[in-house]
Amino acid sequence: MKSKKSNIKIMTQLAGLVKPMLLIIAIAVVLGVLGFLCASSIPVLGALGIAKIIGADIPLTLKNIFILMTVSAVLRGVLHYGEQASNHYIAFKLLAIIRSKVFGALRNLCPAKLEGNDKGNLIALITSDIELLEVFYAHTISPAAIGFITSLAFVIFISSISPILGIIAAIAYITIGIILPSANGKAVKQPGLDYRNSSGELNNLFLDGLRGMGELIQYDAVENTKNNISQKTESLAELQNKLKDREIKTRNRTETAITLFNIVMILTAFYMYSNNIISFSNALIAAITLMSSYGSVIALSSLSNNLAQTLASGERVLNILEEKPETEEVINGKNIIAENVVCNNVKFAYDKKQILKGISLNIEKGKITGILGESGCGKSTLLKLIMRFWDKDSGKILLSGEEIKNINTHSLRQNESYCTQETHLFNDTIGNNIRIAKLNATEEEVIFSAKQASIHDFITELPLGYDTNIGELGGRLSGGEKQRIGLARAFLSNAPIMLLDEPTSNLDSLNEGIILKSLYESKDKKTIILVSHRHSTLSIADKTYHIKKR
C-alpha cells in the first residue's frame, strides 16, 4: 500500500483528536517551556559566575548566582516530571479513545468490507499501530509547541544582545528543528509505511500457521511455512535496517549542524567583543545560551525517524476510521415487527461478478421456506442481503411491506437471527457463548435453546457443564458442536425471522432430525428461511425455491 496522505495532513488529523484535552496539552506546554528555560539558565548562570570570577562587570554576586542555579536545577526536575506526566496522561487517554473509535469503525465495516481481509494486519493495526501513536501524542504535539516557544524566547533574548547573533540562533533552530527532520521524514515515510504493512503480513503468516498447524503437520508442510516466515522476517529486518541507517545519518547531520552553528556563534560573538560592539560578558552569554538551548529542537530532530513509523501507523488507523461501510447504519428510519419477507427482482454483483440476477421470493409468516441450490449459486448472498450486510444493486427487499433500507438497523437486527455455516465462538464458557444472542437471558432460557439445538445433552456431560471454557475459536469443540451452539444462539434470540444457512451441514442424521423437528415446531411463531444444497434437509419446508448457478 503506497502512502497517499502527506505527513502534514496525517499530523493534522491525528491532532484533531486531542480537542477534548486541550487544557492538559496547554499545561504540558507551559511546564515544558519553563523546564527548558530553567535547564538552559544553569549553564548561562555558570558562565556568568566564571565571568564574575575573572573580573567582568556582572550585577549578581557569586552567592546569588549559586542560589539561582540551585533553584533552576530543582525546578527543572519538577517541571519536567509535570510535563511528562501530562503528556503520558494525554497519550494513554487518547489511545483508549482511538481503540474505541477503531472498534466502532470495524463494527460498521463488518462484515462486507472485512470479509477476506488479513486478520494479522488488523491485529497489528489494533495493537502495535495504535500503541505507536503514543509517540505522537506524548512526544510530538507538546514537544513541537515547546520547541517553537523556547526557540522563539531564546532568539528574542540573544537578539537583545545583538540582532546579528539573534539571526544566527534563529537559523540554527530552524535548521535543526525543521529542515533536517522534514528532509528525513520524507526519506523514511514510505519505508516506514512498508515496515508497518510487512509487520501485519508477518502477523498474518503466524496466525495462519498456528490455526492450521494440524494440517501443516499432516501434509508435511511445516518447513515451507517456516521458510515463508523466515523470508518475511528477513524482509522486515531489511526495512528496519534501512530505517536505522537513516536514523544514524540524521543524528550525525544534526550533531554536525550543531557544532557548525556553535562555532559560527562563538566566532561572531567574540569578533564583536574584540571590536567593542558588545561586552565580554554578553559575548559569553550569547554563545553559552545557544550552546545550551538545543534541547527542545534536538528532541524534534531525533523524533523524525520514529515519527515516520508513527505517522505510517497513524495513516493506517485513519484509513480504517475513514473507510466507508458497504451499508450505512439507519437510525432515523422505522422500527418494525417483521412477519414476512418479499424479494422482488433482486440483483446483486460482487466485484463486477453477477451473483444474483432477478431473484423474486415470497417468504410467508408461520412457514418454512427452503432455498435450494449448489455451492456458489448465491444462496448465502441472498441471506446477507436480507440481513443488509450488503445493499442490493436493484430490486426490492421488503420486511412486512417495508423497504429494508428504510428500517432502523437496530430494529432490523432485533427482527432477524442469522445462523451461518461457520460459527464464531469466543474464548469463554459455553453458556456465555450461547448467551451472546441475548445477554440478559436466564439460565432456563439458555438451556431450552440448547435443547432445541440438540446440544444440551453434550454440554451436561462435560465436567463443568455450561461453565466449560471452550478455548480460542472453540478449539475444543468439533465442527458439529460449534454449529449447534450457533443454532442455540438463533433459537435464544427469539427473533421473528430466522435465516439459517446450511445449519445442519456438519451434523449426523440423528442430530439433524432433532433440529429439523425443533424448527418445524417453531414455525407457527416464526418466519423461517432454510438454505441448503441437500433435498433431505428441506423436506420440512412448506415451499422451496431453487436458485441456479450462473
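Between Val29 and Ile149 the shortest side-chain heavy-atom distance falls below 4.5 Å. Annotation: side chain of Arg388 is in contact with side chain of Leu412 (closest heavy-atom distance under 4.5 Å). Using a 4.5 Å heavy-atom cutoff, the side chains of Asn440 and Lys438 are in contact. Ile158 places a side-chain heavy atom less than 4.5 Å from the side chain of Met265. Within the 4.5 Å cutoff, no side-chain heavy atoms of Ile263 are placed close to those of Ile266. A 4.5 Å side-chain heavy-atom check between Thr468 and Ile459 finds every atom pair outside the cut-off. Counting only heavy atoms from C-beta outward, the side chains of Glu329 and His410 never approach each other to under 4.5 Å.
Shown here are the salt bridge (Lys or Arg N to Asp or Glu O under 4.0 Å) partners of Arg413, two or more places apart in sequence or in another chain: there are none. Every side-chain hydrogen bond (donor to acceptor under 3.5 Å, both in side chains) that Gln13 has, sequence neighbours left out, goes to Lys5, Glu322. Residues that satisfy the salt bridge (Lys or Arg N to Asp or Glu O under 4.0 Å) test with Lys334, not counting sequence neighbours, are Glu402. Partners of Met272 under the side chain to side chain contact (heavy atoms under 4.5 Å, CB included) rule, at least two apart in sequence or in another chain, are Ser162, Leu165, Thr268, Ile277, Ile278. By the side chain to side chain contact (heavy atoms under 4.5 Å, CB included) test, Asn224 pairs with Asn228, sequence neighbours left out.
Of the options Leu284, Ile285, Ile288, a side-chain contact (heavy atoms from CB on, under 4.5 Å) to Leu48 is made by Ile285 and by none of the others. Under the side-chain contact (heavy atoms from CB on, under 4.5 Å) rule, Ile430 has a single partner from Val446, Leu425, Leu462, which is Leu462.
A donor-acceptor pair under 3.5 Å links the side-chain atoms of Arg435 to the main chain of Ala441, judged by distance alone. Side chain of Ser40 to main chain of Leu37: no donor-acceptor pair is present (N/O by atom type, distance under 3.5 Å, no hydrogens or angles). Side chain of Ser274 to backbone of Phe270: a donor-acceptor contact under 3.5 angstrom is found. Using modelled atom types, no side-chain atom of His80 and backbone atom of Arg76 make a donor-acceptor pair closer than 3.5 Å. Side chain of Asn408 to main chain of Gly333: a donor-acceptor pair is present (N/O by atom type, distance under 3.5 Å, no hydrogens or angles). Listed for the Arg489 side chain is no donor-acceptor partner under 3.5 Å among the backbone atoms of Tyr418. A donor-acceptor pair under 3.5 Å is absent between the side-chain atoms of Ser151 and the main chain of Phe148, judged by distance alone.
Closest non-hydrogen pair, Ser411 versus Asn335, comes out as CB-OD1, 3.4 Å. Heavy atoms only, all atoms of each residue included: Leu79 and Gly35 are closest at CD1-N, 3.6 Å. Residues Ala257 and Leu180 approach most closely at CB-CD1, 4.2 Å, considering heavy atoms. Minimum heavy-atom separation, Lys405 to Val330: O-CG2, 3.4 Å. Residues Ser292 and Val44 come closest through the heavy atom pair OG-CG2, 4.2 Å. Nearest heavy-atom pair across Leu492 and Ile434 is CD2-O, 3.4 Å.
Separating the CD1 atom in Ile168 from the CG atom in Leu290 is a distance of 8.5 Å, to the nearest 0.5 Å. For the atom pair CE (Met387) and OG1 (Thr327), the distance works out to 10.5 Å, reported to the nearest 0.5 Å. Here the CD atom belonging to Glu445 is positioned 11.5 Å from the OG atom belonging to Ser493, to the nearest 0.5 angstrom. For the atom pair OH (Tyr89) and CD1 (Ile24), the distance works out to 5.0 Å, reported to the nearest 0.5 Å. Taking CG of Leu318 as the start and NZ of Lys9 as the end, the distance is 9.5 Å to the nearest 0.5 Å. Here the OG1-CE distance, from Thr289 to Met291, works out to 10.5 Å after rounding to the nearest 0.5 Å.
Between Tyr294 and Tyr173, the angle of the ring planes goes over 60°, which puts this pair in the perpendicular group of the 30/60° scheme.
Crowding of Ile331 atom CD1: a count of heavy atoms from other residues, nucleotides or ligands under 6.0 Å not exceeding 12. Within a 6.0 Å sphere centred on CD1 of Ile164, other residues, nucleotides and ligands contribute 12 heavy atoms or fewer.
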*Evaluate side-chain contact (heavy atoms from CB on, under 4.5 Å) for Ile146 paired with Glu83, printing each intermediate quantity in order.*
CA-CA 10 Å; Ile146 291 167; Glu83 178 211 344; 3.4 Å; yes
_Steps toward side-chain contact (heavy atoms from CB on, under 4.5 Å) verdict (Asn432, Thr429)_ = CA-CA 5 Å; Asn432 285 341; Thr429 64; 3.3 Å; yes
*So Ile171 and Phe261, side-chain contact (heavy atoms from CB on, under 4.5 Å) or not? Walk me through it.*
CA-CA 9 Å; Ile171 295 172; Phe261 281 114; 3.7 Å; yes
*Under the side-chain contact (heavy atoms from CB on, under 4.5 Å) criterion, do Thr150 and Ser293 qualify, and how do the steps go?*
CA-CA 8 Å; Thr150 54; Ser293 63; over 6 Å; no
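Residues Thr61 and Asn64 have side chains that bring a donor and an acceptor to within less than 3.5 angstrom of each other.
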Pair up each side-chain donor or acceptor in residues 68-75 with any protein partner under 3.5 Å, not counting sequence neighbours, and list the distances.
residue : atom : partner : partner atom : Å
Thr70   : OG1  : Phe66   : O            : 2.9
Ser72   : OG   : Ser41   : OG           : 3.1
Ser72   : OG   : Leu68   : O            : 2.8

